[in-house]
Amino acid sequence: MMKIKSVKWVSLLLVAALFVIAGCGNNNTGNAGGGNTAGESTDSAAVAKIKERGKLLVGVKYDTRLFGLKDPASGNVEGFDIDISKAIAKHILGDENAIELKEVTSKTRIPMLNNGEIDMVVATMTITEERKKEVDFSDVYFQAGQSLLVKKGSPITGLESVTKDTKILGSKGATSIKNIKEKVPGITVLEFDNYQDAFAALKAGQGDALTTDDAILYGMASQDEGYEVVGEPFTDEPYGIAIQKGNTDVVQAVNDTLTELKANGEYDAIYTKWIGKAPAK
Amino acid sequence: MDFAGAFSPANLVFLMDGLYITLIVAFVSIILSFIIGVVVGVIRYAEVPVLSPVMFFLVELIRNLPLLLIIFFVRFALPEIGIKLGLITAAIAALTVFEAAMIAEIVRGGLAAVDKGQIEAARSSGLSSFQTLWHIVLPQGLRHMVPPLVSQFISLLKDTSLATIVALPELMHNAKIVMGQKESYTIPILLMVALMYFVVNYLLSLVSRRLEHKTV
Amino acid sequence: MDFSILTNYFDLYLRGFWGTLLSSVLALIGSFVIGTVIAVFRITTIKALRWFGTGYVEFIRNIPLLLVVCIFYYGPSAIGFTLDGFKAGTIGLAVYTSAFIAEAIRAGIMAVPKGQMEASRSSGLSYVQAMVHIILPQAIKLVIPPLGNQFINLIKNSSVLTLVAGFDLMYFADSISTETYRTFDTYIFVAVFYLVLTVPLSYGVRVWERRLQSKY
């Protein structure tokens, strides 16, 4: 049996070792950074790697109607982001089905990209200066704006009726949380792991309004007629496709695809199919 | 509350898909954590110099942290130091590490409960300390361990639901997707999922009662 | 190791730390009260209460904590009220843990010699009086180590509050790591905060257990 004395010193060690582990972590993070720079010097390697694998790994949302939603009935993931991803697969690999989708949330998409688990994130992701430090972005492929979703009959009719005491629901890691905190200082925001949970919380009466990009909110409103999007969009949310830092050849391939899609009218077709109207020119 | 809509064939199949992942992940983690737990528990019991205190430290560290933290850490923090695991591997690794620490304590406790007189008798009749451990202490200790081990396995099965934090498509994760379809599905689905977990775990505990009767 | 994360976000860590601690303490009190009632139900001579007590323990022990919390978070709106993440999480924790505490208390009561109940009854005390004044106080002494263990579990398990926006340590950790993009460092600090709570408690439980063992 362990003596009490040794229990004592081992407990002390316990805390000490934690910091040692943490220290190692730091060193290795440095190394990983070094790995990234190495990646930058062999630019065209990333596309070659995808081709060698024969499959494009794309991080998409599984819980966002219109953009990326897993349909329990068919098991398929469908939406605007999925169709764009397929077009990219077709451009790079010549086959729109040479693709493997992986579920991401606002919280997990950057870590998963940086871990190399996915080649790109096509998941309602706003291009921001801060994120540009972490990842590379393609050109804008969708223009959204932040808005509010409320239960029909709610006193909230737009951003102007949101006060400090309004309870707002959102998704962890989304830009919309930061934005609303800037627009209404001191506001309470409840953050959830994904939009499905946030919408479920809104339905359960846990908050007054759900905030994120209008396109996502319209998808939710179409899912449940008891809810509506109110007010004008109060931010610009240009969506980009995120790619691991340094893989400029992939960024190029994605941008070529987007240009091609816009030129041949396919982009408009995909847009109309999901959003229900043609994109504003 | 819309029971008919919530329990549509498509939704039930989707929930069963989730249950399947839950069972697979739990099964693999139970096997791995049992093996590791027994080895670590025996080392702790045998008071091997250096090795035993190190194991003690690791077991205590892990037992004192929330599993949810460990799952998230394995999946999203370890990659920052170069340890990259896929979704299912990460979930299994995290569950295994956590439950192995729990099982190691059960094993150590079970071994310590074996009558000291028997050990002395075995040693004086010429058995080596390893032989004593293998033939005398382990078989008897295992008997003490069966009930706590089974409840640990049930815990593990329940704990797989925490892997929803890394979006593992297990039962809870799929349940939330179905709940998201309509407000009126919430309560029926929560009840159905409770029933599914209950049935699986209750069967497990019945098996364990059988085992207890046989071994004791 | 980037200590600036700790210093820059110290107020968030601290808010999470208090959230975790408060939820665990409240849930401990709640689960102790419910657990005692259920334990008494399980040993009364009234069949209906015994049946209810057994059903409660068996059902709760066989479903995941996360599911219990989800029932209290998403469920009440169907009958016209809401519990916020902290309340639903804390109530869920209390209900879940009460099943385990009930079993520990029942075992404690069973360990008190039967003759004492008979003696109290024959000296004119009612069943309830005998229970409250004679049996329970003795049982509780035996129950303290398992209660301590349940408290450690509660602290760890309170991390599920993060999944219902319950303002605990894990919840704020997510906010920090999504802002810093440094998952590893952020969560190492979170782990330290948990250990600050759980390690001294584990140590205390161990000491108390040893004291009990040496007494008997």
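Residue numbers start from 1 in every chain, and the chains themselves are labelled A, B, ... in the order their sequence lines are given, proteins ahead of strands. Please read all numbers here as calculations on a predicted model, not as lab measurements.
Remark: Tyr74(C) engages no residue in a ring-ring contact (aromatic ring centres under 6.0 Å, His included) (not counting sequence neighbours). Residues satisfying the salt bridge (charged side-chain N to carboxylate O under 4.0 Å, His left out) criterion with Asp136(A), sequence neighbours excluded, are Lys245(A).
Neither the backbone nor the side chain of Lys133(A) comes within contact range of chain C, judged by heavy atoms closer than 4.5 Å. Residue contact with chain A, scored on non-hydrogen atoms closer than 4.5 Å, involves the backbone and the side chain of Thr162(C) alike. Of the atoms belonging to Val189(A), it is backbone heavy atoms, and not side-chain ones, that fall under 4.5 Å from chain C. At a 4.5 Å heavy-atom cutoff, the contact between Asp193(A) and chain C is made by side-chain atoms alone. Looking at Val196(C), neither its backbone nor its side chain comes within 4.5 Å of chain A, counting heavy atoms on both sides. Both the backbone and the side chain of Tyr73(C) come within contact range of chain A, each with at least one heavy atom under 4.5 Å from a heavy atom of that chain. With a 4.5 angstrom heavy-atom cutoff, Ile110(A) touches chain C only via side-chain atoms. With a 4.5 Å cut-off on non-hydrogen atoms, Glu134(A) touches chain C through its side chain but not through its backbone.
Between the side chain of Ser31(C) and the backbone N or O of Val95(C), no donor-acceptor pair lies under 3.5 Å.
Classified by interplanar angle (parallel below 30°, tilted 30° to 60°, perpendicular above 60°), the ring pair Phe3(C)/Phe189(C) is tilted.
No salt bridge links Asp63(A) with Lys70(A); every basic N to acidic carboxylate O contact stays at or beyond 4.0 Å. Here Glu129(A) pairs with Lys132(A) in a salt bridge; the nearest charged N to carboxylate O distance falls below 4.0 Å.
With 3.5 Å as the limit, one finds a donor-acceptor pair spanning the side chains of Tyr56(C) and Ser98(C).
Listed options Lys203(A), Lys107(A), Glu191(A) were ranked by heavy-atom pairs under 4.5 angstrom with chain C; first place goes to Glu191(A).
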